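Along the sequence shown, the residues carry numbers beginning at 1. As the structure is a prediction and not an experimental result, all values here were calculated from the model.
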Amino acid sequence: MIRWTNFDALESYKALNALNKVDLVKEMSGENGAKRAAEYSVPMAGGLAFNYAAKAVDADTLKVLAQLADEAQLTEKYAALYNGEMINTGEKRLVLHQLTRGQLGSDVIADGVNKREFYAAQQAKINDFVAKVHSGEIANAAGEKFTTVVQIGIGGSDLGPRAMYLALENWAKNNGCFKMEARFISNVDPDDAAAVLKSIDVAHSLFILVSKSGTTLETLTNESFVKDALANAGLDASKHMVAVTSETSPLAKSSDYLAAFFMDDYIGGRYSSTSAVGGAVLSLAFGSDVFARFLNGAAEEDKLARNTDLLSNPDMLDALIGVYERNFLGYSATAVLPYSQALSRFPAHLQQLDMESNGKSVNRFGEPVDYVTGPVIFGEPGTNGQHSFYQLLHQGTDIIPLQFVGFKNNQAGMDVVIQNSTSQQKLCANVAAQIMAFACGKEDDNRNKYFAGNRPSSIIIGEQLTPEALGALLAHFENKVMFQGFVWNLNSFDQEGVQLGKVLAKRVLAHETTGALKVFSDLLGI
C-alpha cells in the first residue's frame, strides 16, 4: 500500500540530517579524485551517462539515500503514476506524459479509451499530415509547398518545443533531415508576433495554434495577430492554420483550421513536448522519423527510472542528491550549464519544468510543509556563462550546485584548429576544468584570487546531441522532478501559482480596479 507522508516524518530524514558533510576538496584531489571520476557514473539512455563524482556525497550518503528511496516508496509511486492512478490530486487527474512515448506498465483506460493507443493515434495522424505537407499534397493557395512552420503557444506549449527544435536544428541540417524552418510566437507583447511575421514569408508559412482549452488569452490574441497578417496578405487563414487542442475545446471541430490534433488534461503543459504539442512542430521541421527517435530516447530513459537499485537509476539518483543538497546542505538554487549551444533554451524549459512543478509550500493534501522544497533553476550555455555569472558561482557567498551537460562531438561536423586544438576540444576542456575548479578551488594568499572549492556539480556526458540523446535528457529531468516531488510529498502536476495574476489581469482589462491596482493600471495606460 502506498503511503503519502511528509519528508520530515521519515526515518531517513533524520539519518540524512545526522550525516557528516563530505569534503569535496579532499575527495576530488589526486588519485582519490581520479577513482571517483571513473566510478561515480551511471549509464543513461541515448548514449548518455550521469557522472556525479563532483557531488558532495560518499558511500555513507548514498546508503542513506537508498534507504530514503525505499522508505518514500519512489519506485512504487512511479509505477502507480504510469499505471494510471490519480496522482494529480489538486486537479483530480491522471499523469500520463510518459505514456506519450511508450507503455511502461498495464493498459491505462480513461475517458473510455486506451490512452496509449490514443496518443499513438494522434501521432500517426500528425505523421500523415506531415507527409502530405512535405510532399506538397497539402500546400498554399498557389499550390506551392510550405517552407516555414510557426508555433503559437505559451508556457509549456512554447518553452519545451522551442528548446527541442533549437537542440536538433543543426543536427538535422547536417544529417539531411531538415524539412522546414520553425519559428515560435509566445509573448502577448505585440513586438514578439510582429518580429516573427516580419521575418517570414507568410504565404509559405503554416501556423500551429496550441491551446488545450481553446481559451488561452495570450495564444488567442496572437492568433488574431497572425490572422490579420494573413488577411492583409490576401490569404485565407483557414488554409494556413492547424490546431493542437483537446477534443472538447471550441477549436476541435472549427472550420478555421486545416486539421486538429488532440491532447488531453492528463498531459501538463511543461510535460507536453513528447505529445502532439511537440509532435506537430518537430515532425514538420525534421520529419516523423526524427521525432520517433526522440520519443524512443525518452521511452528508454523512462524504463531506467523503474530500476529499484538507486545506483542503476540515474534519474532517481540525481533527484535524491538534489534533495540532500536542498534540505540538508541548504543550497537554494541549481545552475543548469549545457556546454552545447544547441541547448541554449534548455535551461529556460527546465525553469518551468522544475519551478512550476515543485515550487510549492503545501503538501498533496493542502497542508503546509515545514521543510524547503523546489530550488531556483537558472542557467546559460557554456562558455558564455563563464564570462557572465560564474564569478558568483566560484567566489560568491552562496554555494549553488551545478548541472553540466557536455558532448564529445559537435552537431555541425565543422571545426577549426587554433593553437593546436579544435573549438570542440576547447569547449570540452573548459567544462572539465570548471568541474575541478569548482570542486577543489585554489589556495592563494591574495584573497581576491583564493577559491574555497567545495562547490558541487554533476555532468551528463554523451557522444553527440542526437534525437535519442535529447529524448533521454528530457525524460531524465522530467523524472528527476517527479521523484523529488514524491519525496517532498508535493503534487508536482498542478500549477495554481500561475492563476492569481491571470484573474487580476482580467479585472484590469475590464476596468474593474480599485486602490493600488487601479493606480498601476493607470500608470501603464490601460
Can you list every salt bridge (Lys or Arg N to Asp or Glu O under 4.0 Å) pair that touches [range], not counting sequence neighbours?
range: residues 417-427; value: none
range: residues 157-175; value: D158-R162, E169-K173
range: residues 392-416; value: K408-E463

Once you round to the nearest 0.5 Å, how far does [atom1] of [X] lie from [atom2] of [Y]?
X: L465; Y: N410; atom1: CG; atom2: CG; value: 11.0 Å
X: L16; Y: F328; atom1: CG; atom2: CZ; value: 4.5 Å
X: Q341; Y: T383; atom1: CD; atom2: OG1; value: 9.0 Å
X: L206; Y: M180; atom1: CG; atom2: CE; value: 5.5 Å
X: Q484; Y: D354; atom1: CD; atom2: CG; value: 6.0 Å
X: H476; Y: D302; atom1: NE2; atom2: CG; value: 12.0 Å

Ignoring hydrogens and geometry, is there a side-chain-to-backbone donor-acceptor pair from [X] to [Y] under 3.5 Å?
X: R116; Y: L99; result: yes
X: Q425; Y: T422; result: yes
X: E181; Y: V149; result: no
X: R36; Y: K55; result: yes
X: N491; Y: R364; result: no
X: T61; Y: D58; result: yes

Between F346 and H349, how do the two ring planes meet: parallel, tilted or perpendicular, split at 30° and 60°?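 Ring orientation, 0 to 90° scale: tilted.
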
Would you call D315 and K480 a salt bridge, taking side-chain N to carboxylate O under 4.0 Å as the test?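 Looking at K480 together with D315, the answer is no, because their closest N to O distance does not fall below 4.0 Å.
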
Answer yes when E31 and K35 have at least one side-chain N-carboxylate O distance shorter than 4.0 Å, and no when they do not.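 Salt bridge flag = no for K35 with E31.
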
Residues that Y52 engages under ring pair (Phe, Tyr, Trp, His ring centres under 6.0 Å), provided they are two or more places apart: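 Once residues adjacent in sequence are excluded, the partners of Y52 under the ring pair (Phe, Tyr, Trp, His ring centres under 6.0 Å) criterion are Y40, F50.
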
Answer yes if the ring centres of F486 and Y78 are under 6.0 angstrom apart, and no otherwise.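 No.
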
Assess the pair Y339 and F407: is the distance between their ring centroids shorter than 6.0 Å?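 No, the ring of Y339 stays outside the 6.0 Å limit from the ring of F407, centre to centre.
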
Enclosure of N20 CG (heavy-atom neighbours >12, cutoff 6.0 Å):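 Counting other residues, nucleotides and ligands, CG of N20 stays at 12 neighbours or fewer.
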
Under a 4.5 Å cut-off applied to non-hydrogen side-chain atoms, are [X] and [Y] in contact?
X: Q495; Y: E91; result: yes
X: T219; Y: I185; result: no
X: L284; Y: K179; result: no
X: I321; Y: S458; result: no
X: V336; Y: F404; result: no
X: T75; Y: R306; result: no

Where Y82 and V108 come nearest, the two heavy atoms and their spacing: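 Distance-wise, the nearest heavy atoms are O-CG2, 3.5 Å.
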
Within residues 419-439 or reaching into it, pairs that qualify as ring pair (Phe, Tyr, Trp, His ring centres under 6.0 Å) - sequence neighbours excluded: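 Every ring pair (Phe, Tyr, Trp, His ring centres under 6.0 Å) pair that includes a residue of residues 419-439, provided the two are not neighbours, is Y390-F438, H394-F438.
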
Does anything in residues 268-289 pair up under ring pair (Phe, Tyr, Trp, His ring centres under 6.0 Å), and if so which pairs, sequence neighbours excluded?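 Every ring pair (Phe, Tyr, Trp, His ring centres under 6.0 Å) pair that includes a residue of residues 268-289, provided the two are not neighbours, is H97-Y271, Y165-F286, Y271-F493.
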
